[in-house]
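A, B, ... follow the sequence lines: proteins, then strands. Residue 1 opens every chain. A quick note: this is a predicted structure, and the numbers were derived from the prediction, not measured.
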Amino acid sequence: SEQAAGGNDAAAEGACQPSDVRLVGQVRNESNPYEASWLAGGDAYAKSVGLTQERLTYDGDSTKQQEQISQLLAGDTKCLVMNVLPNGDSDTAPIVKGADQAGAYLVTQWNKPADLDPADHRTWVSHITYNGVESGQQIGDALATAIGGNGGIIALQGILDTAAAKDRFAGLEASLKKNTGVKLLDQQAANFSRAEALTVTKTLLTKHGEHVKGIWAANDDMALGALEALQQQGLAGKVAVVGIDAVPDAVKAVQGGTMTATVSSDGAWQGGIGLAIGYCVATGKLAVKDIAAANRAFFAEQFLITKDNAADFVSPKTNPADFECANVFNRVAGPLT
Amino acid sequence: MTVTAGVTAAPRRRTRRGAAFRDAGPPVALVVIFGIFAALSPQFRSVDNVQNIVDAAAVLAVVTCGITFVLMMGSIDLSAAGVMGAAALTVSLLVANNRNDNDFGLLGILVAVLLGCAFGCLSGLALVLLKVPSFMATLGVSAVGLGVATLLFAGVQPNISDTMLKGWAIERFLGFSYLTWIAAACVLVGWLVQRYTRLGRYAFAIGGAEEVLTLSGVRVKPYKIAVFALAGAFYGLGGVMVTSQLGAGLVQAGDGYDFSAITAAVVGGTLLTGGRGGVLHSAVGVLLVMVLTNGLVQVGVSPYWQGGVEGLIVVAAVAAAVIPQRRRNQVVK
Amino acid sequence: MSIPVALQPATVSAKARPARRLTGFMPIIALAVLVAALTVADPGFLTQRSLTAASRTAAPLIVLAAGATLVVLCGGIDLSIAALASLSTVLLALWLPDLGGLATPVVVLVATVIGAVQGTAHVLLRIPSFIVTLGGLSILSAVALVVSGAGTVRVVDDSAVKWLDLYVGGYVPMSFAVAVVVVALIALVLRVTPLHSWISATGYSESAARLAGTPVDLVKVGAFCVSGACAGLAAVMLVSRQFSGGPTMADNLLLPAVAAIVVGGTAITGGHGSVWRSLAGALVVTLLRVGLPIVGVPSAYEQILYGVIIVVAVALTLDRSRVSIIK
Amino acid sequence: MNASTPALEVRGLVKHYPGVKALDGVDLIVRQNEVLGLAGENGAGKSTLLKALVGLVTPDAGEIYVRGEQVKLRSVVDAADHGIGMVFQEQSLVPNLTAAENIVLGSEGAAVRRGVYRWDTMRRLAQEQLDKIGSDIDPLARTDTLTFADRQMVEIAKVLRIEERSQHPPVIILDEPTSVLESKEIETLFAQIRRLREFASVIFVSHRLDEVLDVCDRVTVLRGGQSAGEVATAGAEPGELHRMMIGSTGSDDHYHENAAAPVTAAEPRLSVRGMSGKTFHGIDLDVAAGEIVAIVGVHGSGREDVCRALFGAEPTTAGEIRMDGKKIDLPGTRAACAAGIGYVPAERKIEGMVGPMSVAENMTLTKQRARCTGPFVAPRKQAGLVDRWIERLSIRTPGRDTAIGRLSGGNQQKVVLARWLVAGDIRLLLLDHPTRGLDIGARSEVYRLMRELAASGVATVLLADSLEEAIGMADRILVMNDGRVAAEIACPSGGKPSPLDLVKEMV
Ligand SMILES: Nc1ncnc2c1ncn2[C@@H]1O[C@H](COP(=O)(O)OP(=O)(O)OP(=O)(O)O)[C@@H](O)[C@H]1O
Ligand SMILES: Nc1ncnc2c1ncn2[C@@H]1O[C@H](COP(=O)(O)OP(=O)(O)OP(=O)(O)O)[C@@H](O)[C@H]1O
Ligand SMILES: O[C@@H]1[C@H](O)[C@H](O)CO[C@H]1O
Ligand SMILES: [Mg+2]
Ligand SMILES: [Mg+2]
């Protein structure tokens with residue numbers, strides 16, 4: 001026989017009482033600022049509609065994420081809304097399949113294989129991400145400008161087998177093609193980790209010495225680790241550093257001039273918007289078939305943050321209006337490419 | 001009542017003491033590997049880089065120092081990651097920081113170290129009272145430590161502004177950072193404890209023949225707990241040092257240190273079955289591991305392969321070190 | 001010679017047996033207590049669907065733990081199982097398009113061979129299994145990273161592994177059934193052949209076993225082979241539920257697998273234990289991993305509870321009469 | 001305390017273990033300044049009684065009096081405070097500590113102040129103890145670098161710390177201290193015991209009854225956990241003791257020399273040419289079917305390693321080994337087993353048996369085929385086989401499923417021997433101290449067994465426990481000295497050499 005797990009029928013779509021909706025937010029852990037702000041954003045949204053968000057964290061462990069999802073889907077799924085950060089590209093497919101079968105409304109963020117499309121699914125309402133190639137290129141360009149278009153840089157890569165790491169590095173390569181005076185001296189993986197970035201940077205600094213004029217990091221955590229390394233080598237302020245995520249410490253560093261640029265990823269908004277989209281569909285305020293194809297999988301708006309505009313991002317304020325059913329797609333920057 | 005000896009003192013037979021041949025393997029391996037990298041890469045052999053290697057070894061050296069005492073007893077300790085995380089958060093919230101108005105300076109550091117000590121006690125108690133094998137007891141304690149760290153983290157990254165603690169990573173003395181000197185002091189203290197205190201010698205003896213200690217009327221349990229507590233204190237200090245390096249208290253401060261420390265200790269010649277090795281052995285092991293990680297980057301091995309090559313060399317180094325000691329009916333677990 | 005030492009077997013059975021039997025059932029008791037506690041915390045937890053999901057979830061962990069149990073029984077440890085499983089998911093995903101149904105046995109075979117290589121290195125080079133397999137872990141991870149191109153390998157046509165996602169009798173996940181069959185098979189083979197004696201003798205006292213002519217080296221290499229094969233099979237299960245292979249997919253299952261073995265009551269020092277115990281242990285660990293967050297324990301407390309419960313569980317299940325010194 | 005108060009008195013001591021009554025109301029008196037012998041068969045309860053006297057075993061009933069005062073001994077420290085100390089049956093030193101540390105272990109006194117070692121003081125304290133027994137061991141040598149005999153000396157030096165600890169004359173307990181010593185070392189030990197008697201009381205346990213009679217003033221015999229009587233040693237005969245131990249008359253000819261058949265086989269069963277290894281060089285050795293060849297030599301003569309090398313458990317660098325004319329390669333113990341070679345190691349506890357496993361499993365560990373049908377274990381077949389051998393060797397065990405670790409030493413040894421016999425395909429037996437720690441009865445049975453095996457054509461290489469044993473059992477004796485065969489002495493029934501003949505060649 002086929003499946004034990006039952007599902008809701010499609011006819012039930014949009015038939016939920018607002019008070020029956022179950023909101024679940026799942027991220028890797030609560031121990032980094034970015035994901036903590038995500039969950040906080042989710043909590044705030046849930047509160048605004050008189051509900052509470054169930055928080056799930058899986059320690060960056062793919063198998064644990066799957067296990068939690070299947071256990072979740074084995075419970076009451078009638079009005080279940082999930083806002084999920086899949087650990088890696090490969091984790092999205094089984095989550096989508098499980099949600100589909102159980103009839104749970106699902107919004108995924110960041111990671112998704114290119115050939116998997118929400119439009120082919122019933123309850124996978126939307127996939128949201130930021131354009132990694134674009135952000136990688138933007139900070140690459142900013143870095144090139146900061147070092148005067150000439151000189152060596154080193155790159156710190158994220159976890160090698162994630163789309164975020166690959167896209168951002170592809171963006172850097174595009175930027176390098178444009179800025180021919182800039183030379184990539186070395187690239188090492190520091191796994192999105194502040195501590196690893198510190199040691200790797202120190203090693204690369206001794207390896208390349210004076211030639212290092214800039215450091216490109218695939219996220220802010222690594223950029224902050226690289227900043228510490230510079231400080232310990234007495235090079236703080238002499239080498240330009242760029243990152244991505246706009247975590248508060250990085251924005252402050254940009255403001256203070258120790259970092260050159262970062263790109264906004266708005267954790268609090270991400271935590272709220274996924275739940276909002278699902279809630280609107282579950283309660284019938286938004287019908288899946290009415291959602292434009294371009295909004296089923298989209299890049300969210302992101303901004304390059306430099307010294308000029310850093311003040312605006314020091315404390316990212318989410319606007320409750322963003323989460324109203326009519327506005328949930330306000331921050332769409334374009335369809336996935 | 002003592003009766004004076006009826007036999008006159010016999011002239012002492014001399015037995016050779018001091019460094020044994022079997023201990024020579026790891027230092028030789030260290031020199032060889034260093035030599036190879038030095039030949040391959042001019043940057044590698046630069047003074048700056050040697051300083052960099054030693055500086056980078058500081059935290060691992062402190063953690064390995066602690067784990068060595070546990071390994072000498074024949075137990076194992078996987079709690080470093082959790083304990084370091086908890087200590088990192090604790091210290092970053094107690095010294096001057098961006099989250100609260102605390103500014104306890106050294107006292108805060110002391111509290112973090114004592115917290116590590118307390119976690120070590122927990123592991124020891126679970127082993128001694130509940131009779132849970134240390135592998136599991138310390139794994140459990142690590143989880144508890146991470147949980148406590150996450151609670152303290154509470155969503156906002158604590159950054160430290162305490163100039164002394166930050167200075168540890170930045171200020172230098174004779175070319176090496178203060179952290180490196182702290183690590184050197186730890187190794188020295190560890191060595192003294194190992195050689196000149198009952199705690200250290202009993203840890204060594206417990207690994208050699210625990211049942212004999214009991215037969216001699218030694219109560220082993222308090223020493224076991226004390227060893228785990230001592231190790232915990234070293235991890236606590238390790239967490240503080242990571243915080244100094246990163247300028248922030250991270251829940252992940254101890255990520256990966258548990259297995260790296262065990263690897264370093266074993267590469268240095270400490271046996272997992274206990275009763276052999278020591279703090280100096282482990283210090284050599286730490287340097288060996290750090291030379292490898294640094295050297296592989298310096299000679300430009302692809303990041304994809306670095307872990308694999310390192311694993312291969314570690315296995316080869318241990319294999320080479322055990323060759324002189326191979327016997328037919330030797331037990332290798 | 002007649003010596004009036006009291007030898008009535010009656011005394012033995014009256015006093016020792018029930019206690020022994022109770023410790024034998026401890027893993028099951030721990031499991032039952034845990035399910036009860038979770039149900040109290042969230043009455044909705046104890047449903048057929050929920051248990052079905054949990055057993056499906058547990059399947060790869062059971063298989064991984066069962067295989068590694070043999071190595072532990074021999075007195076060693078295999079830290080490479082999870083990395084080997086990750087590599088196997090990559091290989092399976094890469095080979096499925098060309099080999100189809102044949103890919104599964106081929107991957108299991110390759111994993112077995114990798115296990116054999118590590119076992120051989122351990123016995124020939126006399127390096128502790130902890131170090132060999134720790135080295136193996138990094139090497140296998142590097143290989144997985146390289147052959148996968150450091151990314152996920154999608155399985156578009158999963159028909160060859162789909163059978164593992166079916167349900168037996170509508171309720172029992174096929175993967176769980178397979179896991180139970182694997183455990184039963186290993187247990188049966190051990191029970192009806194001299195292998196059980198050989199493995200326990202090796203684990204309790206390697207030197208005595210060797211001098212009694214036990215093929216200690218072969219037994220150990222064999223244990224590593226089974227451990228490898230099980231890692232391969234666990235990988236197949238993961239691919240069937242994940243529709244892809246990834247170079248780090250199973251990495252985080254290492255510590256849970258070891259925990260499952262120890263929570264089952266198998267002595268980490270070797271000799272005493274069984275694969276059945278590991279099955280129960282794997283279920284306990286799975287329930288802790290998924291149960292705690294699902295019944296609403298917040299993340300930080302979840303870790304604290306996990307640490308405490310797992311220590312208490314081991315305290316309950318370990319049969320101390322069989323292990324003289326706990327390290 | 002007046003001079004007639006016993007130093008130590010035990011009344012009605014009882015100790016149960018599951019399935020066994022180890023002590024069943026034992027009474028014992030140890031007078032001041034006497035050496036009391038304690039004799040009894042394996043499993044009679046000697047060690048259990050002695051452990052109760054040092055607080056390691058808590059008796060279920062009974063009283064202990066020290067110098068007339070009733071005491072409860074809760075731990076070794078407790079016993080030491082009452083002046084009672086013990087050298088255990090199995091060596092109990094920490095191998096990776098120095099001799100000095102082992103000597104002061106548990107009562108470091110001035111050698112450790114506030115947890116900090118004072119190596120000089122420690123060295124001096126240890127030196128004082130070693131001087132007492134006239135040993136020239138370096139106190140700062142690691143214990144595992146010492147010879148077996150030296151380690152035994154360290155144990156005795158250690159137990160003598162009692163003197164410093166208690167204000168009273170100590171009671172020193174020696175549980176089978178001689179079973180691992182050689183005759184010269186035994187002489188030294190006895191001198192020490194006689195010296196101790198000057199100021200202390202000693203309890204001495206040995207299965208060598210002549211020794212017991214030699215060094216003790218009085219012997220108490222235990223049987224089945226009860227006191228079976230006592231004998232003043234002056235003028236007593238071993239036979240008399242033995243009778244008390246077993247409750248009936250034993251045979252006088254322990255070695256069953258009459259049962260020895262002349263060796264007739266022309267072709268040697270085992271033929272070794274030029275075998276060399278780390279500790280032995282150019283060994284030539286022939287053993288015929290049905291022949292018992294003993295190898296004698298002092299510690300370090302290399303005979304143990306020769307024995308292990310023949311079993312493939314010790315690497316060789318040169319030489320050739322043939323069984324029945326067929327060359328065998330010995331990469332490991334498996335090949336030796338397959339060639340019909342069996343080995344009984346001296347270190348029974350560590351190398352001979354797997355303690356937590358059952359008698360049945362230990363007995364069938366090697367010859368699995370004997371208990372299997374095809375590749376499968378046949379429980380019925382195994383039960384029958386094991387029970388048959390339990391009966392045949394009169395192994396005293398609650399049952400075949402009892403863990404071997406819970407049997408007495410002699411019975412453990414019989415199980416280990418039986419391991420090689422269950423399949424009936426043994427051709428060469430290598431016996432390394434097969435009677436170490438066995439009582440006379442058990443020993444006699446092992447000898448009978450060796451005779452039976454020889455009669456059925458099994459070749460035997462014996463590393464005997466004593467020269468007498470070697471002479472009594474062997475058809476031929478090889479003397480090893482410094483890794484080489486120094487002499488070969490024929491030893492036929494009726495034409496036995498004297499121990500002196502052997503000693504001449506050994507040094
Ligand atoms: N005079 C001394 N001062 C301080 N410690 C001593 C002294 N003599 C011996 N020791 C201690 O005794 C131990 C054994 O001494 P020895 O030098 O013989 O062994 P070792 O080969 O160093 O042992 P290992 O290889 O285990 O370190 C030493 O490790 C040391 O701690
Ligand atoms: N810890 C124990 N658990 C169970 N039974 C035990 C234990 N210790 C001793 N026994 C049993 O108690 C009895 C007496 O043993 P004990 O060791 O005192 O004998 P012994 O006279 O010293 O023998 P041997 O001469 O072989 O050393 C034996 O039957 C033994 O099996
Ligand atoms: O946490 C990481 C990084 O911070 C990055 O911003 C992308 O998302 C996750 O992979
Ligand atoms: Mg040394
Ligand atoms: Mg005894």
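For the set A/P94, A/S31, A/A163, A/G88, the entry with the most heavy-atom pairs within less than 4.5 Å of chain C is A/P94. The greatest number of non-hydrogen atom pairs below 4.5 Å with chain C, out of A/I95, A/D59, A/D115, A/I159, is found for A/D115. Taking C/A53, C/P293, C/A300, C/S299 one by one and counting their heavy-atom pairs under 4.5 Å with chain A, the maximum is reached by C/S299. For the options A/D76, A/T63, A/L72, heavy-atom pairs under 4.5 Å to chain C are most numerous at A/T63. Between chain C and the residues A/D89, A/T57, A/D61, the largest count of heavy-atom pairs under 4.5 Å involves A/D61. If you tally non-hydrogen atom pairs under 4.5 Å between each of C/P247, C/G44, C/G246 and chain A, the highest count goes to C/P247.
Checked by atom type and distance alone, the side chain of C/R49 pairs as donor or acceptor with a backbone atom of A/L73 at under 3.5 Å.
Considering only heavy atoms from C-beta on, A/N29 stays 4.5 Å or farther from C/Q303 through its side chain. Contact annotation: the side chain of C/R241 approaches that of A/E67 to within less than 4.5 Å [non-hydrogen atoms, C-beta and beyond].
The CD atom of C/Q242 sits 5.0 Å away from the CG atom of A/D91 when rounded to the nearest 0.5 Å. Interatomic distance, C/R56 CZ to A/S70 OG, rounded to the nearest 0.5 Å: 5.5 Å. Between C/R289 atom CZ and A/Q71 atom CD the span is 12.0 Å, to the nearest 0.5 Å.
Contact annotation for C/L238: only side-chain heavy atoms (C-beta onward) come within less than 4.5 Å of a heavy atom of chain A. Only the side chain of C/S244 has a heavy atom closer than 4.5 Å to any heavy atom of chain A.
Taking every heavy atom of both residues into account, A/G60 and C/N252 meet most closely at O-ND2, 3.5 Å. The minimum heavy-atom distance between A/Q68 and C/I294, with the atom names listed, is O-CD1, 3.6 Å. Of all heavy-atom pairs between C/T47 and A/A74, the closest is OG1-O, 4.3 Å.
Contact annotation for residues 145-155 of chain C against chain A (heavy-atom separation below 4.5 Å, listed by residue number): C/L145, C/G149, C/A150, C/G151, C/T152, C/R154.
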